[in-house]
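These notes concern the structure reproduced below.
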Number of protein chains: 2
Amino acid sequence: MHDIAVTTDAVVFRVGNAALEVLLIERAHPPFAGHWALPGGFLEAGETLDTCAARELAEETGLANVYLEQLYTFGDPGRDPRGRTVTVAYLGLAAGDGEPLDAASDAAAARWFRVDALPALAFDHDRIIACGIERLRGKLRYAPIALHLLPPQFTLTELQRVYGLILDRELDKRNFRKQIRNHGIIEATGRQQRNGSSRPAMLYRVAVPATGR
Amino acid sequence: MHDIAVTTDAVVFRVGNAALEVLLIERAHPPFAGHWALPGGFLEAGETLDTCAARELAEETGLANVYLEQLYTFGDPGRDPRGRTVTVAYLGLAAGDGEPLDAASDAAAARWFRVDALPALAFDHDRIIACGIERLRGKLRYAPIALHLLPPQFTLTELQRVYGLILDRELDKRNFRKQIRNHGIIEATGRQQRNGSSRPAMLYRVAVPATGR
DNA sequence: CAGCTTAGTGTTGTCGATACACCTTTGCAA
DNA sequence: TTGCAAAGGTGTATCGACAACACTAAGCTG
């Protein structure tokens, strides 16, 4: 109506080898062609904002089945050289087990970048990523979102690594395990995982809180 | 660009006589003329989202100098019968001391309603208010936002009343005062307030954390 | 000055968070 | 076969945050 465009952008995190990583695409078209940016694009006629974020993410990077929640909306005039654009940013969490990426649509490439070594970014996407990190850290303290950053079965050491890397500090193994057990949101599967030449670790999964009865 | 309009809406709370209240306007024009709704309106060319929310609130209700922060963005297709509209909702907090309201612009009237006795609302504004209450309760636990619901000087009893009404449960006076003192975000002014025929109460204000030095 | 109304104050028990060190299980190589 | 390297797994003591709980103080009114 007032010549305003609405887009969504997704800040998708995973925990890589040794650091928190964010998913970026290389823009195939102007503006900012050749620059790295968050996956996202224009809201289409019949779809919800949530759907738009998931669709654009899948189109440009091939990632599906990613946890997504709304993050913040950015609409400063001048943030897009094409004209007035309001973007609804989403926070996404992907398991670190390396679902393959598949750049397509407006993306020339798609890659994970360590959050402490980001390239130059298009638009105000650096601000949006900073906002995402802040939210991720904050929410980790009171919500079990870290589970979205792991495959369906995982060891306690892996889970602790996720917390440690996001909060950027070392955690005590015994205290960590005690907390997790008290909250009771995960449960042991019977299975174990062997990691090379050391003692195997118990695998855990998210506990479903006694449906039915 | 894609025939999408962007608006802002403000969910402004205050603590009234005996309950949490939200500010509504009576819509002067279709759609939903005569219905109650949140104050808000279309984003204009050069302004930020924050500015738009403050401007629309001031235009329609006369309230200025209200604390505002972004809440959530609603964009489901069908939420506005005129066509596709995405609204960025804001959470607002006003002091309960009764700055007078002044309905104008698209508002035929402006009034405070108890959140437990809301009229029928336009659009999806009931959902937006529910979202605002949830955020207010959640944030109260870890951020000193209750101070925005009081005048610059206030008594501890008043502050406790604010917390109690928002959380909807009784709080222990001694424990409450201990917590507040420990957090150290407010300080005593020298002044006292007389409330009729009883002992006067000490007035407090927000402590500025030692600027300068 | 008696009585009403609101302001203001401390102690105790419980629970969650932190700090901290050793034994166990496996694979591999000497 | 043994011993060594590498990661898994476990318990206790201390401290600070939070909940429960009852009386005295100051001012006004009749």
Side-chain angles (χ1 to χ4, degrees), chain A residues 15 17-18 96-97 137-144 146 150-151 153-205 207, chain B residues 15 17-18 96-97 137-144 146 150-151 153-205 207:
Chain A
V15 172
N17 279 333
D97 59 350
R137 290 221 175 103
K139 202 155 181 182
L140 202 63
R141 303 180 181 282
Y142 65 92
L150 289 169
Q153 302 208 351
F154 51 88
T155 67
L156 291 183
T157 303
E158 287 168 348
L159 184 58
Q160 181 179 341
R161 211 172 60 90
V162 168
Y163 274 84
L165 284 173
I166 295 175
L167 298 178
D168 201 24
R169 64 194 171 96
E170 298 212 343
L171 302 174
D172 180 79
K173 193 172 13 168
R174 281 171 293 189
N175 293 334
F176 180 77
R177 292 161 112 91
K178 213 182 312 171
Q179 274 184 40
I180 296 292
R181 248 184 263 123
N182 287 348
H183 283 62
I185 49 180
I186 67 172
E187 63 188 9
T189 68
R191 312 181 60 81
Q192 294 188 323
Q193 184 178 67
R194 267 174 290 278
N195 311 311
S197 67
S198 78
R199 177 172 173 177
M202 178 65 67
L203 283 168
Y204 288 79
R205 63 168 164 250
Chain B
V15 172
N17 280 332
D97 59 349
R137 289 218 175 104
K139 203 153 180 183
L140 202 62
R141 304 180 180 285
Y142 64 93
L150 289 169
Q153 302 208 351
F154 50 88
T155 67
L156 291 183
T157 303
E158 287 167 348
L159 183 60
Q160 182 179 341
R161 210 172 62 90
V162 168
Y163 274 84
L165 284 173
I166 295 175
L167 299 177
D168 200 25
R169 63 192 172 94
E170 299 212 343
L171 302 175
D172 179 80
K173 191 169 21 165
R174 281 169 293 188
N175 292 335
F176 180 78
R177 293 163 111 92
K178 213 184 311 171
Q179 272 184 42
I180 296 292
R181 246 184 265 123
N182 288 346
H183 284 63
I185 50 180
I186 66 173
E187 63 188 9
T189 68
R191 310 181 62 81
Q192 293 189 323
Q193 184 179 66
R194 267 174 289 278
N195 312 312
S197 67
S198 80
R199 176 172 173 177
M202 179 63 69
L203 283 169
Y204 289 78
R205 65 168 162 248

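Chain A is the first sequence line, chain B the second, and so forth, proteins listed ahead of strands; every chain is numbered from 1. What's counted below: heavy atoms across the whole structure, side chains too, no hydrogens, waters or symmetry copies.
- With sequence neighbours excluded, the residues forming a side chain to side chain donor-acceptor pair (under 3.5 Å) with B:Arg205 are B:Glu187, listed by chain and number.
- In this structure, B:Arg181 atom CZ and C:dG10 atom C1' are separated by 10 Å, rounded to whole Å.
- For A:Ile180 and C:dT18, the CD1 to P distance is 13 Å, given to the nearest whole Å.
- Applying the salt bridge (Lys or Arg N to Asp or Glu O under 4.0 Å) test to residues at least two apart or on different chains, none of the pairs has a partner in residues 190-204 of chain A.
- More than 12 heavy atoms of other shown residues, nucleotides or ligands fall within 6.0 angstrom of atom CG in A:Asn182.
- Listed by chain and residue number, A:Glu69 satisfy the side chain to side chain donor-acceptor pair (under 3.5 Å) test with A:Lys139 (two or more places apart in sequence, or in another chain).
- Evaluation of the side-chain contact (heavy atoms from CB on, under 4.5 Å) rule for A:Leu159 yields A:Ala146, A:Leu147, A:Leu150, A:Phe154, A:Tyr163, A:Phe176, A:Ile180, A:Ile186 as partners, not counting sequence neighbours.
- Comparing the end axes of the helix from C:dC1-D:dG30 to C:dA30-D:dT1, each fitted to five base pairs by superposing C1' atoms of four pairs onto the next four, gives an inter-axis angle of 10° (nearest 10 degrees).
- Using a 4.0 Å cutoff on non-hydrogen atoms, no part of residues 158-167 of chain B comes near DNA chain C.
- Rounded to whole angstrom, the span from the CZ atom of B:Arg177 across to the P atom of C:dT6 amounts to 14 Å.
- Counting to the nearest Å, the C1' atom of D:dG8 and the OH atom of A:Tyr204 are 10 Å from each other.
- Atom pair B:Asn195:CG and D:dA26:C1' shows a separation of 12 Å (rounding to whole Å applied).
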Donor-acceptor contacts, no H, no angles, side chain residues 166-174 of chain B, under 3.5 Å, sequence neighbours left out:
{"residue": "B:Asp172", "atom": "OD2", "partner": "B:Arg174", "partner atom": "N", "Å": "3.1"}
{"residue": "B:Asp172", "atom": "OD2", "partner": "B:Asn175", "partner atom": "N", "Å": "2.9"}
{"residue": "B:Asp172", "atom": "OD2", "partner": "B:Asn175", "partner atom": "ND2", "Å": "3.4"}

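- Considering all non-hydrogen atoms of both residues, A:Ala207 and A:Gly184 come closest at CB-O, 4.2 Å.
- At a threshold of 4.0 angstrom between heavy atoms, the contacts of A:Thr155 with the nucleic acid are absent.
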Tabulate protein N/O versus nucleotide N/O from nucleotides 27-30 of chain D, keeping only pairs under 3.5 Å, one per line.
{"residue": "D:dG27", "atom": "N2", "partner": "B:Ser197", "partner atom": "O", "Å": "2.9"}

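- With sequence neighbours left out, B:Gln192 forms a side-chain contact (heavy atoms from CB on, under 4.5 Å) with B:Pro200, B:Met202.
- Straight-line distance from the CG atom of B:Leu156 to the C1' atom of C:dT9: 12 Å, rounded to whole Å.
- A salt bridge (Lys or Arg N to Asp or Glu O under 4.0 Å) check over residues 175-185 of chain A, counting only residues at least two apart or in different chains, returns nothing.
- Closest approach of B:Ala201 to B:Thr155, counting heavy atoms only: CB-CG2, 3.6 Å.
- Distance CD (A:Gln193) to P (C:dT25): 19 Å, rounded to an integer number of Å.
- Note on residues 179-203 of chain B: no pairs pass ring pair (Phe, Tyr, Trp, His ring centres under 6.0 Å), not counting sequence neighbours.
- Summarising the geometry of A:Ile185 relative to A:Pro144, their closest heavy-atom pair is CD1-CB, 3.5 Å, with the distance given to 0.1 Å.
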Nucleotide by nucleotide, 5' to 3', does protein get under 4.0 Å of the base (B), only the sugar-phosphate (S), or neither (-) in nucleotides 14-22 of chain D, counting heavy atoms?
-----BBBB
